[in-house]
K.L.:
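Submitted below is the structure of interest, expressed as structure tokens.
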Amino acid sequence: MSSWKKAAKSNQKVHRERAQPVARSHLGILEKKKDYKLRANDQHEKDDTLKLLRKRALTRNPDEFYHHMINSKIQKGEHHELEQEDEHSSAQLRLMDTQDLRYVNMKRTMETNKIARLQSRLHMTEVADIVPNRHIFFVDNEQEARSLNVAERLQTHPNLLGRKTNRPRLNQLKKLVLDIQDEKVVEAMNEEREKSYKELHRRVEREKELTITQQKMELKRAIQEKRLRKPKRVCKGTQDRAPIYKFKYERKR
């Protein structure tokens, strides 16, 4: 660069944007060109959006279906959104937020083992007692039918008539060391059995809850992995079922 060009450049006046006059300082900072451009671009975007919405409203097909038709309703002139069922229960959210997958898997295995031990002890034979008995006794006349004693006919204790299984006869009960004919003893045994079945029911529900939570956490981990293409959701998850995703097939090396 020649010397006269350098001199001309050094003597060039530096143009600065003027500041807000003192008399107008109460109005705030003076808007610069860059600020005006930002404000103008924002206004243009809003105008374009309104113009597009007006165009869509004019060309809208009144018979066109959209999902919001079935996800909302109007009551007494007011628009209300339909309540959607939560995908996770409070227990599932608490486990997914505070624990990891290994802990959930460990607790589910523990519950499965406890359920197996309870089932082996109870044998699940009392489930048949839910269905009423339909045992038919044949008699010769109506008088014999009225005087029929079912406990004597079956040779068992009256408190055991409701059972379909494990209903010993009186001669078998006499051989037992325990006085089974005492009503209090029978009631205590029935209460203990009911307590065991309630515990089994609670543990089965707990194991089911842990299984669903584990499936959801495994799916979440699989989706977060780096893949070429995100999986497609086939079915939305609920509190009783994990969501179903369809993953792209990947050839293994």
K.L.:
Do Glu31 and Arg39 sit within salt-bridge range, that is, some charged N less than 4.0 Å from a carboxylate O?
P.N.:
yes
K.L.:
For residues Ile115 and Leu210: do they belong to one hydrophobic cluster (side chain heavy atoms under 4.5 Å, members Ile, Leu, Val, Met, Phe, Trp, Tyr)?
P.N.:
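Looking at the clustering, Leu210 is in a separate group from Ile115.
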K.L.:
Taking Asp42 for the side chain and Leu38 for the main chain, is one N or O donor matched with an acceptor at less than 3.5 Å?
P.N.:
no
K.L.:
If the test is side chain to side chain contact (heavy atoms under 4.5 Å, CB included), which one of Lys51, Gln43, Glu45 qualifies with Asp47?
P.N.:
Gln43
K.L.:
Can you find a pair of side-chain heavy atoms, one from His80 and one from Ile74, that are under 4.5 Å apart?
P.N.:
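Counting from C-beta outward, His80 and Ile74 never come under 4.5 Å.
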K.L.:
Output the distance between atom CD (Gln239) and atom CD1 (Ile212), rounded to the nearest 0.5 Å.
P.N.:
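Rounded to the nearest 0.5 Å, the CD-CD1 separation comes to 9.0 Å.
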K.L.:
When rounded to the nearest 0.5 angstrom, what distance separates NZ in Lys220 from CD in Gln215?
P.N.:
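CD of Gln215 is found 16.0 Å from NZ of Lys220.
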K.L.:
Around atom NE2 of His68, are there more than 12 heavy atoms of other residues, nucleotides or ligands at under 6.0 Å?
P.N.:
yes
K.L.:
Give the cluster check for Leu93 versus Tyr103: same hydrophobic cluster or not, with ILVMFWY residues linked at side-chain heavy-atom distances below 4.5 Å.
P.N.:
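As far as the 4.5 Å side-chain criterion goes, Tyr103 and Leu93 are connected within one cluster.
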K.L.:
Are side-chain N/O atoms of Thr213 and Glu209 paired as donor and acceptor at under 3.5 Å?
P.N.:
no
K.L.:
Strictly by modelled atom types, are Asn105 and Arg102 linked by a side-chain donor-acceptor pair under 3.5 Å?
P.N.:
no
K.L.:
Decide yes or no on side-chain contact (heavy atoms from CB on, under 4.5 Å) for Gln20 and Ile29, but give the supporting numbers first.
P.N.:
CA-CA 6 Å; Gln20 180 75 288; Ile29 301 175; over 6 Å; no
K.L.:
Taking the basic N atoms (NZ, or NE/NH1/NH2) and the acidic carboxylate oxygens, is any pair closer than 4.0 Å for Lys195 and Glu199?
P.N.:
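No salt bridge links Lys195 with Glu199.
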K.L.:
Has the side chain of Lys32 got a donor or acceptor atom that lies under 3.5 Å from a matching backbone atom of Leu30?
P.N.:
yes
